[in-house]
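Keep in mind it's a predicted model, so treat the numbers as computed, not measured. Residue numbers start from 1 in every chain, and the chains themselves are labelled A, B, ... in the order their sequence lines are given, proteins ahead of strands. Side-chain atoms are counted along with the backbone in the values below, which use heavy atoms only and exclude waters and symmetry mates.
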Amino acid sequence: MAIANFQEIDKKQQERWEKAKLFSAPRLPKTGKKFYCLDMFPYPSGQGLHVGHPEGYTASDIVSRYKRMNGYDVLHPMGWDAFGLPAENYAIATGVHPRITTQKNIDNFRRQIKSFGMAYDWDREIDTTSPDYYKWTQWIFLQLYKKGLAYQSTVPINWCPSCKTGLANEEVFNGRCERCQTPIEKKNLRQWMLKITAYAERLLEDLEGLDWPASTLMMQRNWIGKSEGAEVDFKVEGKAETIRVFTTRPDTLFGATYMVLAPEHELVEKITSPEQKAAVEAYRKEAAAKNEFERADAEKEKTGVFTGAYAVNPLNGKKIPVWIADYVLTGYGTGAIMAVPAHDDRDYAFAKKFGLDIIEVIKSEQGVAEKAFTGDGELINSDFLNGMRVAQSKAAIIKYMQEKGFGKAKTTYRLRDWVFSRQRYWGEPIPIVHCEKCGVVPLPESELPLRLPEVEKFEPSGTGESPLANITEWVNTTCPHCGGPAKRETNTMPQWAGSCWYYLRYMDNKNQNALVDPEIEKAYGPVDCYIGGAEHAVLHLLYSRFWHKVLYDLGVVHTKEPYAKLRHQGMILAFSYRDEAGNYHTYEEIDFSDPANPKLKANGAKLTSMIEKMSKSKKNVINPDDILKEYGADAFRAYEMFMGPFDASKPWDMRGIEGVSRFLKRVYSWADDLKVSKDAKLPKEVEILKHKTVKKVSEDIESFSFNTAVSALMIYFNELSKYKEVDENSFEVFLKLLHPFAPHITEEIWQNAGHETFLLNERWPSYNKELLLEEQIEIGVQINGKIKDRVKLSADSDKAAHEKAALGSEKIQNLLKGQNIIKIIVVPGKMVSIVARPS
RNA sequence: GGGCUGGUGGCGGAAUUGGUAGACGCGACAGACUUAAAAUCUGUUGAUCGCAAGAUCGUGGGGGUUCGAGUCCCCCCCUGCCCACCA
């Protein structure tokens with residue numbers, strides 16, 4: 001019996017595949033059946049791959065190989081999302097140019113990914129930092145600019161004082177910078193913005209036809225945040241000003257007892273009375289000093305100040321006071337609200353605190369003495385709306401307002417325009433010049449790519465300008481329009497830019513004349529299956545859909561959506577072990593002989609195990625290189641798939657991989673000793689099991705149930721391995737089914753069996769439905785809902801046969817003595833349930 | 001506070017539309033092989049009672065619907081993730 005050296009097999013087969021260019025996709029699909037299977041490409045960090053990366057890559061690899069064996073032309077590429085802060089921060093700290101670090105990291109990532117034997121077409125590799133690539137990122141920016149979708153604006157942006165750059169709303173979490181956790185400040189800066197809001201409705205509507213996880217669709221919907229309501233104008237008493245508010249509850253207009261403006265609202269100064277001026281000023285200052293996080297804390301007590309002004313309710317002419325309060329946000333709606341304390345929780349809390357009126361306008365059992373009522377009900381105290389329900393009165397009041405001219409139906413979105421510029425070096429230069437005479441002038445397309453110039457210092461200036469601003473010979477240029485002196489834009493694009501459209505470039509990555517050849521795009525687009533982490537549910541996936549729609553409008557792509565099917569891999573966690581003193585211990589220090597109570601080898605201390613995220617401080621980080629060295633690529637791949645459901649977060653268990661590794665070793669040594677002959681005939685049950693396994697594995701791959709697919713393969717092998725001599729078909733079917741999960745070892749066995757072909761070019765096995773019906777199955781027999789016996793019959797038995805078999809059981813007959821059978825329920829293939837009562 | 005997940009043996013996890021709970025793997029125990037150990041192979045392994053046949057209990061807790069509930073309904077507890085004053 002040969003002992004497999006998996007590392008050697010991995011290397012040998014990978015070299016064979018590479019030499020044969022086995023994974024290269026044709027320029028155009030030849031078969032008429034194409035499958036584009038895409039992984040979210042990684043940021044090549046200095047730490048190298050972690051075990052989470054290969055989880056998604058293995059899944060996409062299995063799907064790709066499966067589709068290929070089913071006769072598809074499969075496009076399965078890989079590349080690098082290589083602009084970004086870590087390389088730049090590293091440059092600031094060490095002076096090493098980001099290009100050098102990035103190249104080194106890419107080489108390391110490529111080496112690691114190749115070591116897993118992934119079926120990528122490496123000729124299609126892309127790198128977002130290559131001028132050949134970012135030429136087209138810049139080209140898309142120019143198209144956005146021409147369509148009026150890119151504009152400059154001086155906006156109070158989220159400013160990270162540590163990264164010294166502006167951040168998009170999407171990059172701010174709990175008022176802190178997503179990357180460095182520093183609390184965000186507000187800073188006014190000139191920024192490039194992308195008008196993603198112009199596409200809000202389409203981004204929302206087109207979610208409809210996507211095969212995406214429901215939770216991701218939900219998050220996108222919430223992020224776009226469509227809300228239908230009305231805008232209503234309130235006159236300010238004794239002034240010319242009008243306050244416009246947005247409300248989703250125009251039906252409660254008769255219940256409006258005060259108004260609130262955001263502290264930053266432009267009308268505040270104009271309407272504030274002299275007596276209130278000091279208080280208002282003080283409050284505005286206070287609000288400005290608070291950071292986003294403090295202001296957004298919904299739990300805190302409401303604060304606010306009366307402006308001294310009154311507005312007039314346009315329905316009944318009633319005077320209501322105008323306040324300012326920071327629970328009203330500038331960025332949403334109109335930055336002003338009509339407050340209906342009876343039917344809004346926040347308004348209620350505010351009114352209670354400041355002793356403002358509460359007028360009930362919707363009837364409810366509970367009333368509004370204790371808290372606001374936000375449900376549906378009948379309108380009261382509302383003149384011509386009385387007696388209507390909420391929906392009906394909304395329509396009626398909007399119609400009335402439109403007739404009278406003080407309000408109208410209005411849809412708002414939570415989605416904001418995208419702050420698209422960064423004050424950074426390591427990003428795509430924005431292809432714009434600022435001319436003294438002509439103003440903003442886009443570069444002609446012929447001047448692309450606009451290359452990133454060399455700099456000596458990578459620090460952002462901290463004043464809001466990027467390091468590029470210091471390179472005068474680059475900044476100073478001539479205007480492409482008038483030829484006069486001009487300055488280049490020194491902002492660069494955010495990291496998201498390159499990943500917005502990369503799936504298109506893989507299709508045609510060497511094209512010098514177009515982003516992608518339209519013929520090729522038509523043939524390969526859209527992405528049929530997209531795999532990556534759920535953390536991109538609203539960032540990358542929304543931006544990318546936005547750009548795709550713009551490209552669709554330009555005729556560059558032929559589908560409305562870029563990614564037809566999307567699946568997320570779960571996060572891989574790890575067991576960590578902590579002793580009573582709170583110190584973490586590495587796996588090497590732990591004696592696992594008693595798993596219920598692992599002991600430290602060193603001192604025998606009692607440990608508690610926890611499932612946590614991998615982190616150095618918890619000493620539970622798993623390095624893929626180490627695993628590969630010990631177990632080989634196939635065991636790694638198969639274990640990652642076997643651990644648990646693909647989309648669930650699950651812990652890496654150092655002992656768990658042993659099982660899969662043993663399985664593969666057994667497969668190898670069994671095949672090594674095996675006699676494959678034409679005459680060998682396996683028992684019928686084994687033959688049926690083969691067909692069952694083909695069905696199960698095929699269906700499981702389609703549904704991303706890789707864990708149960710591996711399990712089915714183990715079950716089949718446990719049976720098959722009892723035989724030293726098998727027929728050719730059984731042997732080959734098993735190898736083919738296992739191949740996507742463990743490509744190296746199966747290819748090795750295939751080759752050892754005398755084949756010079758590759759398994760990937762073999763056809764995926766099919767199964768015989770009729771044969772499955774001949775299986776002998778065991779069904780349960782219940783009496784009054786309790787299982788009392790089990791009987792065997794063939795899978796195609798009819799109901800009568802089920803009943804006969806159940807009543808034929810001696811045990812059942814004994815139990816039924818002295819009982820009257822009231823009813824017999826037969827579920828074919830599952831069970832027979834007998835309802836009986838004592839006679 | 002809101003939304004979305006999930007809660008099944010010592011552990012990771014299986015279980016179409018309600019239909020034999022615990023597949024598969026790990027670990028553990030016993031045995032074989034070995035001078036010995038590792039590796040490998042074979043068997044056992046939800047709990048309780050029992051010599052056994054077998055019985056009873058059992059999917060976070062409590063109720064309900066049903067011949068039958070991990071799965072459906074109501075109430076409650078807990079975990080994880082996301083969002084967080086969105087008018």
Side-chain angles (χ1 to χ4, degrees), chain A residues 1 3 173-175 213-216 218-219 222-223 225-227 229 245-249 252 260 262 293 295-300 302 325-329 331-340 343-347 349-350 412-414 534-535 537-538 570-571 573 575 592-597 609 611 639 642-645 647-660 662-663 665-666 669 699 705 707-715 718 777-791 822-836:
Chain A
M1 188 183 76
I3 306 288
F173 289 103
N174 288 339
S215 57
T216 304
M218 177 78 74
M219 282 171 79
N222 290 343
W223 196 268
K226 181 177 183 172
S227 110
V245 304
F246 173 73
T247 176
T248 54
R249 297 293 305 275
T252 61
V260 186
F293 188 58
R295 271 188 72 164
D297 183 4
E299 298 298 296
K300 72 154 200 246
K302 295 271 179 293
D326 65 5
Y327 81 94
V328 174
L329 312 173
Y332 185 75
T334 61
I337 61 159
M338 63 175 212
V340 184
H343 305 291
D344 180 282
D345 294 324
R346 291 151 300 161
D347 297 347
F350 192 85
T412 47
Y413 299 89
R414 229 185 82 152
E535 68 274 16
V538 282
M571 191 183 301
L573 309 172
F575 286 95
F592 285 105
S593 57
D594 180 2
N597 183 23
S609 78
I611 293 172
Y639 176 58
F642 186 62
M643 282 165 71
D647 58 357
S649 55
K650 46 211 173 284
W652 183 283
D653 185 344
M654 281 316 243
R655 291 161 293 169
I657 193 174
E658 290 284 353
V660 178
R662 262 175 235 162
F663 164 63
K665 279 181 195 158
R666 286 210 315 271
S669 52
E699 287 172 356
S705 309
N707 55 336
T708 49
V710 174
S711 156
L713 286 164
M714 286 171 167
I715 293 168
N718 286 345
I777 55 167
E778 199 177 53
I779 64 158
V781 183
Q782 294 185 346
I783 296 179
N784 295 333
K786 298 231 172 198
I787 294 280
K788 293 296 180 187
D789 198 14
R790 290 158 219 265
V791 294
I822 294 173
K823 193 155 76 162
I824 298 181
I825 297 151
V826 178
V827 182
K830 298 286 181 190
M831 63 186 324
V832 175
S833 180
I834 301 165
V835 188

**Request:** Name the closest nucleotide to the I787(A) side chain, picking from A14(B), A21(B), A87(B).
**Result:** A21(B)

**Asked** Which nucleotide, in any strand shown, forms a Watson-Crick or G-U wobble pair with U16(B), with both distances under 3.5 Å?
**Response** none

**Item:** Below 4.0 Å: OP1/OP2 of U40(B) and any side-chain N or O of R662(A)
**Value:** yes

**Request:** Report the distance from atom CG of D653(A) to atom P of G27(B), rounded to the nearest whole Å.
**Result:** 9 Å

**Prompt:** What interatomic distance, in whole Å, is found between P of G25(B) and the corresponding atom of C75(B)?
**Reply:** 42 Å

**Message:** In whole Å, measure the gap between the C1' atoms of A21(B) and G58(B) for me.
**Reply:** 9 Å

**Request:** For K650(A) and G80(B), give me the distance from atom NZ to atom C1', rounded to whole Å.
**Result:** 14 Å

**Prompt:** Can you tell which of C86(B), C4(B), G13(B) lies closest to the side chain of L329(A)?
**Reply:** C86(B)

**Request:** Between U66(B) and G12(B), how far apart are the C1' atoms? Round to whole Å, please.
**Result:** 34 Å

**Prompt:** Can you find a heavy atom in the side chain of T247(A) that is under 4.5 Å from one in the side chain of I337(A)?
**Reply:** no

**Prompt:** On a whole-Å scale, what distance lies between the C1' atoms belonging to G50(B) and U71(B)?
**Reply:** 34 Å

**Item:** Gap separating the CG atom of N718(A) from the CG atom of L713(A), nearest 0.5 angstrom
**Value:** 11.0 Å

**Item:** Distance in angstrom units between K786(A) NZ and A69(B) C1', rounded
**Value:** 13 Å

**Message:** Ring of Y327(A), cation from K302(A) - is the NZ or CZ under 6.0 Å from the centre and inside 45° of the axis?
**Reply:** yes

**Message:** Under 4.0 Å, heavy atoms only, any strand: does I825(A) hit a base, just the sugar-phosphate, or nothing?
**Reply:** base

**Message:** Classify N784(A) by what it touches in the nucleic acid, base, sugar-phosphate, or nothing, heavy-atom distance under 4.0 Å.
**Reply:** sugar-phosphate

**Request:** Using heavy atoms to find the nearest nucleotide of RNA chain B for M831(A) and G785(A) separately, return the residue whose nucleotide is more 5′.
**Result:** M831(A)

**Request:** Write down the distance separating the P atoms in C57(B) and G62(B), rounded off to the nearest Å.
**Result:** 14 Å

**Message:** Once rounded to the nearest 0.5 Å, what's the spacing between atom CZ of R790(A) and atom CD1 of I777(A)?
**Reply:** 13.5 Å

**Item:** Candidate nucleotides G19(B), G27(B), C24(B), ranked by approach to the side chain of M714(A) - the nearest
**Value:** C24(B)

**Prompt:** Atom CG of N707(A) and atom OH of Y639(A): how far apart are they, to the nearest 0.5 Å?
**Reply:** 11.5 Å

**Request:** Could you give the distance separating U45(B) and G9(B) at their C1' atoms, to the nearest angstrom?
**Result:** 10 Å

**Asked** Out of curiosity, I834(A) CD1 to K823(A) NZ, how far, rounded to the nearest 0.5 Å?
**Response** 13.0 Å

**Prompt:** Below 4.0 angstrom from OP1 or OP2 of C4(B), is there any side-chain N or O of N222(A)?
**Reply:** no

**Complete:** Among the nucleotides A87(B), A15(B), C83(B), whichever has the atom closest to the side chain of S227(A) is A87(B)

**Request:** Give the nucleotide from the list A87(B), C85(B), G13(B) with an atom nearest to the side chain of P645(A).
**Result:** G13(B)

**Asked** Which base, if any, makes a Watson-Crick or G-U wobble pair with A87(B), both distances under 3.5 Å?
**Response** none

**Complete:** Distance col, row T252(A):OG1 vs D344(A):CG, nearest 0.5 angstrom, shows 8.5 Å

**Prompt:** Could you state the NZ-C1' distance from K226(A) to C86(B), rounded to the nearest angstrom?
**Reply:** 16 Å

**Complete:** Of the listed G13(B), C67(B), G25(B), the closest approach to the F642(A) side chain comes from G25(B)

**Message:** Please pick, from G12(B), U56(B), C86(B), the nucleotide with the shortest atom-to-atom distance to any side-chain atom of P651(A).
**Reply:** G12(B)

**Asked** RNA chain B: V835(A) or R414(A), which has the more 5' nearest nucleotide?
**Response** V835(A)

**Request:** Grab the CZ-P distance between R249(A) and C86(B) for me, whole Å please.
**Result:** 14 Å

**Request:** Pick base, sugar-phosphate or nothing for M219(A), based on heavy-atom distances below 4.0 Å to the nucleic acid.
**Result:** sugar-phosphate

**Complete:** Rounded to whole Å, the CG-P distance (N718(A) to C24(B)) equals 8 Å

**Prompt:** Partner of U45(B) by Watson-Crick or G-U wobble geometry, both contacts under 3.5 Å, or none?
**Reply:** G27(B)

**Request:** Check every strand shown and say whether D345(A) touches a base, only sugar-phosphate, or nothing at a heavy-atom separation below 4.0 Å.
**Result:** nothing

**Item:** A21(B) OP1/OP2 closer than 4.0 Å to side-chain N/O of K830(A)
**Value:** no

**Message:** For the P atoms, the ones on G68(B) and on A15(B), what distance do you get once it is rounded to whole angstrom?
**Reply:** 25 Å

**Under 3.5 Å on both distances, the Watson-Crick or G-U partner of U40(B)** = A32(B)

**Request:** Take atom P in A53(B) and the same atom in U44(B), then report the distance between them in whole Å.
**Result:** 14 Å

**Asked** How many angstroms lie between atom CH2 of W652(A) and atom CD1 of I657(A), to the nearest 0.5 angstrom?
**Response** 4.5 Å

**Asked** Between C86(B) atom C1' and D344(A) atom CG, what is the distance in whole Å?
**Response** 11 Å

**Asked** What is the glycosidic conformation of G9(B): syn, defined as within 90° of 0, or anti?
**Response** syn

**Request:** Rounded to the nearest angstrom, tell me the gap between atom CG in D647(A) and atom C1' in G12(B).
**Result:** 15 Å

**Prompt:** Closest to the R666(A) side chain: C41(B), G19(B), C24(B)?
**Reply:** C41(B)

**Request:** Pick base, sugar-phosphate or nothing for N707(A), based on heavy-atom distances below 4.0 Å to the nucleic acid.
**Result:** sugar-phosphate

**Prompt:** Does the pair V781(A) and I787(A) meet the rule for a side-chain contact (heavy atoms from CB on, under 4.5 Å), with working shown?
**Reply:** CA-CA 6 Å; V781(A) 183; I787(A) 294 280; over 6 Å; no

**Prompt:** Looking for any heavy atom pair under 4.0 Å, which part of the strands does E658(A) touch: base, sugar-phosphate only, or nothing?
**Reply:** nothing

**Fill in**
Picking from G27(B), C67(B), A87(B), the nucleotide nearest the side-chain atoms of R655(A) would be G27(B)

**Prompt:** Checking all strands, does S833(A) fall into the base, sugar-phosphate, or nothing category for heavy-atom contacts under 4.0 angstrom?
**Reply:** base

